[in-house]
Amino acid sequence: MKCGVVVFPGSNCDHDCLYALGQIPNATAAPVWHESTDLSGLDCVILPGGFSYGDYLRSGSLASHSPVMQAVRRFAASGGFVLGVCNGWQVLLEAGMLPGAMLPNRSLKFRCRYVTLRVDNVHTPFTTQYSEGQLIQLPIAHGEGNYWIDDAGLRRLQSNGQIVFTYADRDGTASSEANPNGSIANIAGICSPEGNILGMMPHPERAVESILGSVDGAAVFASVQAFTQCKSRVHHAIQGGTH
């Protein structure tokens, strides 16, 4: 698996993502500068957390117009895997690659702590290594993580199975107390209808070693690795059958 981690001016989780990917067997990762338009040879592109372009105007707004995002759109349209974490999810929303918008936290305060998530969709390339309904611990660090979408859009997310992660209590209940930012329906992460684009507010790359407090984030990257290998085997089998 070959991954590219986009680096915008103001990104601060790019090295975390590169390190996390380095813990996955047979995975390679390299930074991709925001002015690049060449994503050839990559299996997955990650938009990391941070404060791209200083989060001027709206979080992720300026980054969504950077040269690399045109390439990311083409990459996703061709079936490539795209993961947006925290600010990366904000960029995907601003770019129109995922539906909805991000608002300031309900408390109007920056939130930085571990949260409990319930895994609601294990059929995406990013979640195959989890079990349905599994509760995991991941850290958050954001001031604008209050995900919003209108009622019709929310119904589409629900009916299409696009809600991937939900903030939950330790018993798996999606309660107001478990919601750190006011996100509608306790949503912590969504995917595109095809499943190859995932946006999530918590940071899986900061939960890949026990010394960090959790290893639950490693399965996100392991899932992409497993999915990529499976996709490659199917491709080779089809190619072999054509000879």
Can you measure from CZ (R118) to OG1 (T166) and round to the nearest 0.5 angstrom?
4.5 Å
Around atom OH of Y56, are there more than 12 heavy atoms of other residues, nucleotides or ligands at under 6.0 Å?
no
Exercise: do T124 and T127 side chains pair donor with acceptor under 3.5 Å:
yes
State plainly whether one hydrophobic cluster holds both V208 and M1, where clusters connect Ile, Leu, Val, Met, Phe, Trp and Tyr through side-chain heavy atoms under 4.5 angstrom apart.
yes
I190 and P99, any side-chain heavy atoms less than 4.5 Å apart
yes
Is it the case that the side chains of D43 and T228 hold a donor-acceptor pair, with the cut-off being a distance below 3.5 Å and no angle test?
no
Residues S175 and N186: closest non-hydrogen pair is O-ND2, 2.8 Å
Side chain to side chain contact (heavy atoms under 4.5 Å, CB included) evaluation trace for V85 with E205:
CA-CA 9 Å; V85 177; E205 79 282 2; 3.7 Å; yes
Where A101 and L93 come nearest, the two heavy atoms and their spacing:
C-CD1, 3.9 Å
Please check if the distance between the ring centroids of F81 and F227 is under 6.0 Å.
yes
Side chains of S40 and D38: is there a donor and an acceptor less than 3.5 Å apart?
yes
Is there side-chain contact between V68 and T37, with heavy atoms separated by less than 4.5 Å?
no
Main-chain N/O of G161 paired with N121 side-chain donor or acceptor, under 3.5 Å:
yes
Counting distance only, does the side-chain N/O of N160 pair as donor-acceptor with the main-chain N or O of Q162 below 3.5 Å?
no
Over all heavy atoms of both residues, which pair between S64 and R73 is shortest? Give the atoms and the distance, please.
O-NH2, 3.8 Å
Linked, directly or transitively: V215 and L18 (ILVMFWY side chains, under 4.5 Å):
no
For the pair M69 and F75, evaluate side chain to side chain contact (heavy atoms under 4.5 Å, CB included) and give the outcome as yes or no after the intermediate values.
CA-CA 9 Å; M69 288 307 297; F75 179 78; over 6 Å; no
Heavy-atom check, side chain of V82 versus side chain of L198, under 4.5 Å
no
Residue pair S107 / R111, side-chain donor-acceptor N/O under 3.5 Å
yes
Linking I/L/V/M/F/W/Y whenever any side-chain heavy atoms sit under 4.5 Å apart, do L108 and M201 land together?
no
Heavy-atom distance under 4.5 Å between the side chains of E94 and H65, does that happen here?
no
Straight-line distance of E144 CD to N105 CG, nearest 0.5 Å
8.0 Å
Nearest non-hydrogen partners of V119 and S131, listed with the distance:
CB-O, 4.0 Å
I want to check something: taking the side chain as every heavy atom from C-beta on, are T28 and C3 in contact at a cut-off of under 4.5 Å?
no
Euclidean distance, D169 CG relative to E177 CD, rounded to 0.5 Å:
6.5 Å
Over all heavy atoms of both residues, which pair between N196 and G80 is shortest? Give the atoms and the distance, please.
ND2-O, 2.8 Å
For Q137 and D216, indicate whether the former's side chain and the latter's backbone hold a donor-acceptor pair under 3.5 Å.
no
Might you point out which heavy atoms bring R206 and P139 nearest each other, and give the distance in Å?
CB-CG, 3.7 Å
Where the side chain of Q225 meets the backbone of F221, is there a donor-acceptor pair that is under 3.5 Å apart?
no
Under a 3.5 Å distance rule, please check whether S61 uses its side chain to pair with a backbone N or O of L57 as donor and acceptor.
no
Is there a path of hydrophobic side-chain contacts, each under 4.5 Å between heavy atoms, that joins V7 and I46?
no
Is a side-chain donor or acceptor of D120 paired with a backbone partner of I163 at a separation under 3.5 angstrom?
no
side-chain hydrogen bond (donor to acceptor under 3.5 Å, both in side chains) with Y167: of N181, N179, T116, only one passes, and it is N181
Check step by step if side chain to side chain contact (heavy atoms under 4.5 Å, CB included) holds for T128 and V122.
CA-CA 5 Å; T128 58; V122 297; over 6 Å; no
For the pair N12 and F51, evaluate side chain to side chain contact (heavy atoms under 4.5 Å, CB included) and give the outcome as yes or no after the intermediate values.
CA-CA 7 Å; N12 66 12; F51 303 92; 3.7 Å; yes
Side chains of L117 and Q134 in contact at under 4.5 Å (non-hydrogen atoms):
no
Starting from L103, can I reach I187 by hopping between I/L/V/M/F/W/Y residues whose side chains sit under 4.5 Å apart?
no
Heavy-atom distance under 4.5 Å between the side chains of S11 and V6, does that happen here?
no
Contacts of Y114 meeting ring-ring contact (aromatic ring centres under 6.0 Å, His included) (sequence neighbours excluded), chain-then-number -> none
Measure the spacing between CG of N87 and CG of L47 and express it to the nearest 0.5 Å.
9.0 Å
Could you measure the distance from the CG atom of L135 to the OH atom of Y130? Nearest 0.5 Å is fine.
12.0 Å
Using only atom types and a distance under 3.5 Å, with no angle test, would you say the side chain of S183 pairs donor to acceptor with the backbone of A188?
no
I'd like to check V32 versus V5 (side-chain heavy atoms, cut-off strictly below 4.5 Å). Are they in contact?
no
Taking the ring centre of each residue, are F8 and W33 less than 6.0 Å apart?
no
Between the side chains of Y147 and Q90, is a donor N or O closer than 3.5 angstrom to an acceptor N or O?
no
Value rounded to 0.5 Å, distance of SG in C191 from CG in L83
12.0 Å
